[in-house]
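Letters A, B, ... are given to chains in the order of the sequence lines, protein chains preceding strands, and every chain is numbered from 1.
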Amino acid sequence: MLSKKQLRSDIEAVEIALKKRNFSFDINQLNDLENKRKKNQVETQKLQNLRNTQSKAIGKAKAAGEDIKPLLDDVADLGDKLDEAKSELQSIQVQIDDIVMAMPNIPHESVPEGNSEDDNVEVLKWGEPGQYDFEVKGHVELGESYGLDFETAAKISCARFSVMTGKIARLHRALTQFMLDQHVDNNGYTEAYVPYLVNAESLTGTGQLPKFEADLFKTHLHGEEGDAKILYLIPTGEVPITNMVRDTIVKEDDLPLKFVGHTPCFRSEAGAYGRDTRGLIRQHQFEKVELVQVAKAQDSYRLLEELTGHAESILQALELPYRKVILCAGDLGFSAAKTYDLEVWLPGQNAYREISSCSCFEDFQARRLHLRWKNPKTNKHELLHTLNGSGLAVGRTLVAVLENHQQADGSIRVPDVLHSYMGGITVIN
RNA sequence: GGAGGGAUGGCAGAGCGGCUGAAUGCACUGGUCUUGAAAACCAGCAAGGAUUAAUCUCCUUCUAGGGUUCAAAUCCCUAUCCCUCCA
């Protein structure tokens, strides 16, 4: 959420900034509401003040043994007036909140302009796409022989799910373990195990709600719609991990907080009909190792570079060629101020595909989360900055390993760093 | 499944419907003292919001949501979470 103070004092600047990401809003409408809000709020608070002072007067009169009847008559209709003023104020505030909660974050000044992923800017390329003297296969075909099975998954559930058995399942698990160990042992993250079903407050905190409910799986606990408690399947580990520190004041000595967690992710892929229908690239359920950091404002962009580097270290260890792009303003996610995408080379698709998205949210999430620290210099509570990134998406990493390390006979070379996690298996055949 | 008890500031912990935004302790900040530190003493110290150039002032908040009342941390109802006991 953007700062309401900023929206009041500098709405034109907000408009210009959000235009960069093709988001426009009705300035006049917001200003009108804001003027109404101001008038109503002042009026309401005056009435409240009147009620408070009158009530105190009654208390004193009563204690002094005076007749309070005339005083009671004075305040007879005050309650109704106050209720009316309050409800009007509330309705205005709800309208303002609805607008503000639907406004995306302001892009950082270093974010390039552009409208779509075609305008993203490559900042780094690591490794060379392999040269194969045979016809390369895609991961669906490669995986088939080793236990990757979409038909069975469709029978059990529906499209966009997968079943893995045998060596593929083991490779998938090995990747997860390897990533977790790297981040815990070498990159300084604290491992976190978290709920996979979360409440609406958590999703509001990180920005998935209220705007993107259609992307989520929704469940009803204890009863049917209406009186049931609603929980959502997490679309990313970012949600539960970041929300661990919702409504807290973090000690300065503990900053930056660094958490890594392995979670499944569930996405309805509501807007993705027909895209990536084959294979593991776009699934309703997939695994991800997620990195989350919480930091002081002055450190956040330095830490974004660091966090992205942590994700890159996994790709490098797995010998997977990739490139790093900075997302243009038009391609930025709702809550992000700046995002690097890591795109891994997929020989089967002859293309780079996203495998990690590393973002700095500045105080956009923290404002919704009430996530703060006490700055000893100002002696004030200040909003923290949040960051996160995948380190990495496990399913897509599996795809990348299969396709990049395939050999002429259809076998898969297991990267060295995974051998110990694979019980000594060096080749999948 | 049943029966109780609880939730108060950064933490611990008081709190008769009105003088309680909240005692007290700890922590923290500043000062006195000291070569310095500790101790002692003195003072300050909740958050969020509105208004304002700023100060002032005002409003809201004692888990959450309702209700009673001129007035609620305090009374009533519901929910959530925690604890104890019984099955």
Side-chain angles (χ1 to χ4, degrees), chain A residues 1-10 30-31 33-97 100-101 194-195 197-205 219-232 240 243-255 257 294 363 366-384:
Chain A
M1 187 166 61
L2 297 175
S3 149
K4 284 189 189 150
K5 279 210 174 118
Q6 187 180 12
L7 285 168
R8 277 172 209 156
S9 62
D10 207 5
L30 200 56
N31 278 338
L33 280 168
E34 176 52 27
N35 289 335
K36 271 201 226 164
R37 189 228 96 230
K38 194 163 168 175
K39 187 168 150 285
N40 273 267
Q41 187 158 356
V42 169
E43 182 59 27
T44 305
Q45 291 188 353
K46 263 189 197 158
L47 285 170
Q48 282 173 323
N49 183 17
L50 184 60
R51 185 200 56 191
N52 290 344
T53 48
Q54 296 281 66
S55 291
K56 272 184 187 153
I58 291 172
K60 272 184 191 152
K62 207 175 166 186
E66 293 166 22
D67 180 18
I68 58 168
K69 183 74 171 56
L71 287 170
L72 285 177
D73 291 343
D74 276 354
V75 295
D77 63 338
L78 191 57
D80 289 341
K81 270 197 207 160
L82 188 56
D83 283 347
E84 202 181 312
K86 265 191 198 165
S87 71
E88 197 177 334
L89 176 62
Q90 208 207 343
S91 110
I92 294 165
Q93 269 168 340
V94 165
Q95 290 176 60
I96 293 174
D97 276 350
V100 176
M101 289 292 270
V194 290
L197 287 152
V198 297
N199 54 34
E201 288 76 27
S202 294
L203 288 154
T204 307
T219 70
H220 306 274
L221 181 65
H222 298 149
E224 284 310 304
E225 206 148 358
D227 57 358
K229 177 168 187 154
I230 305 290
L231 291 174
Y232 297 85
N243 273 279
M244 289 197 297
V245 288
R246 187 175 79 212
D247 295 322
T248 61
I249 295 159
V250 183
K251 287 201 191 89
E252 186 182 15
D253 292 346
D254 294 339
L255 291 168
L257 300 175
V294 175
D363 60 13
R367 189 169 288 109
R368 295 171 171 225
L369 292 161
H370 304 124
L371 169 55
R372 297 165 297 169
W373 69 295
K374 190 158 190 171
N375 186 339
K377 279 185 193 140
T378 60
N379 208 29
K380 291 263 182 199
H381 289 171
E382 294 178 7
L383 291 171
L384 287 162

Report task. Give the rounded distance in Å between these two atoms: CG of A:L89 and P of B:rU60. Result -> 12 Å
Show each protein N/O and nucleotides 71-75 of chain B N/O combination with a separation under 3.5 Å, one pair to a line.
| residue | atom | partner | partner atom | Å |
| --- | --- | --- | --- | --- |
| B:rA71 | O4' | A:S55 | OG | 3.0 |

**Report entry** Integer angstrom distance from the C1' of B:rU57 to that of B:rU52
**Finding:** 10 Å
Query raised in the report: Rounded to the nearest Å, what distance is computed from the CD atom of residue A:Q90 to the C1' atom of nucleotide B:rG66?
Result: 13 Å
Report summary line: B:rA14 -> Watson-Crick or G-U wobble partner, both distances under 3.5 Å, gives none
Query raised in the report: For B:rG1, which nucleotide in any strand shown is its Watson-Crick or wobble partner with both distances under 3.5 Å?
Result: B:rC86
Query raised in the report: Say you pick atom P in B:rG21 and the same atom in B:rC62; how far apart are they, in whole Å?
Result: 12 Å
Report summary line: Applying side chain to side chain contact (heavy atoms under 4.5 Å, CB included) to A:E252 and not counting sequence neighbours gives A:K296, A:W373, A:P376
Report summary line: Contacts of A:N199 meeting side-chain hydrogen bond (donor to acceptor under 3.5 Å, both in side chains) (sequence neighbours excluded), chain-then-number -> A:S202
Report task. Determine the interatomic distance between C1' on B:rU63 and the same-named atom on B:rC82; round to the nearest Å. Result -> 11 Å
Query raised in the report: Sequence neighbours excluded, which residues qualify as side chain to side chain contact (heavy atoms under 4.5 Å, CB included) partners of A:A57?
Result: none
Query raised in the report: Rounded to the nearest 0.5 Å, how far does OG of A:S3 lie from CG of A:L383?
Result: 9.0 Å
May I have the list of side-chain donor-acceptor pairs in residues 44-51 of chain A shorter than 3.5 Å, sequence neighbours left out?
| residue | atom | partner | partner atom | Å |
| --- | --- | --- | --- | --- |
| A:T44 | OG1 | A:N40 | O | 2.6 |

Report task. Measure from CD on A:E252 to C1' on B:rU29 and round the result to the nearest Å. Result -> 15 Å
Requested in this report: Report the distance from atom NZ of A:K36 to atom CD of A:E88, rounding to the nearest 0.5 Å.
Outcome: 7.5 Å
Query - Distance, P atom - from B:rC26 to B:rA39, rounded to whole angstrom - result: 11 Å
**Report entry** A:R372 CZ - B:rG9 P separation (whole Å)
**Finding:** 13 Å
Query - Separation of B:rG10 P from A:H370 NE2 (nearest whole Å) - result: 14 Å
Report summary line: Using Watson-Crick geometry (N1-N3 plus N6-O4 or O6-N4) or G-U wobble (N1-O2, O6-N3), each under 3.5 Å, B:rU52 is paired with none
Report task. Heavy atoms under 4.0 Å is the rule here; annotate nucleotides 50-58 of chain B 5' to 3' with B where the base is hit, S where only the sugar-phosphate is, and - elsewhere. Result -> SSS-----B
Query raised in the report: If you measure from the C1' atom in B:rG66 to the same atom in B:rA72, how many Å do you get, rounded?
Result: 14 Å
Query raised in the report: What distance, rounded to whole Å, do you find between the two C1' atoms, one in B:rG15 and one in B:rG6?
Result: 16 Å
Report task. Please determine which of A:K5, A:K39, A:R8 meets the salt bridge (charged side-chain N to carboxylate O under 4.0 Å, His left out) test together with A:E34. Result -> A:R8
**Report entry** Protein-nucleotide distance (A:R246, atom CZ; B:rU80, atom C1'), rounded to Å
**Finding:** 13 Å
Report task. Find the distance A:D247:CG to B:rG9:P and express it as a whole number of Å. Result -> 13 Å
Query raised in the report: What do you reckon, is CD of A:E201 surrounded by more than 12 foreign heavy atoms closer than 6.0 Å?
Result: yes
Query raised in the report: A:E382: what forms a side-chain hydrogen bond (donor to acceptor under 3.5 Å, both in side chains) with it, not counting sequence neighbours?
Result: A:N375, A:T378
Report task. Go through the structure and list residues passing side-chain hydrogen bond (donor to acceptor under 3.5 Å, both in side chains) with A:K4, not counting sequence neighbours. Result -> A:D97
Report task. Both distances under 3.5 Å, Watson-Crick or G-U wobble: report the partner of B:rC41, or none. Result -> B:rG31
Query - Partner nucleotide, any strand, of B:rC81 [Watson-Crick/G-U, under 3.5 Å] - result: B:rG6
Query raised in the report: Mind checking the P distance from B:rC16 to B:rA73? Whole angstroms is fine.
Result: 13 Å
Query - Whole-Å gap separating C1' (B:rG48) and CD (A:E382) - result: 16 Å
Query raised in the report: Does A:Q41 have any side-chain hydrogen bond (donor to acceptor under 3.5 Å, both in side chains) partners at least two apart in sequence or in another chain, and if so, which?
Result: A:R37
Query - Atom C1', compared across B:rC77 and B:rC70: separation rounded to whole Å - result: 23 Å
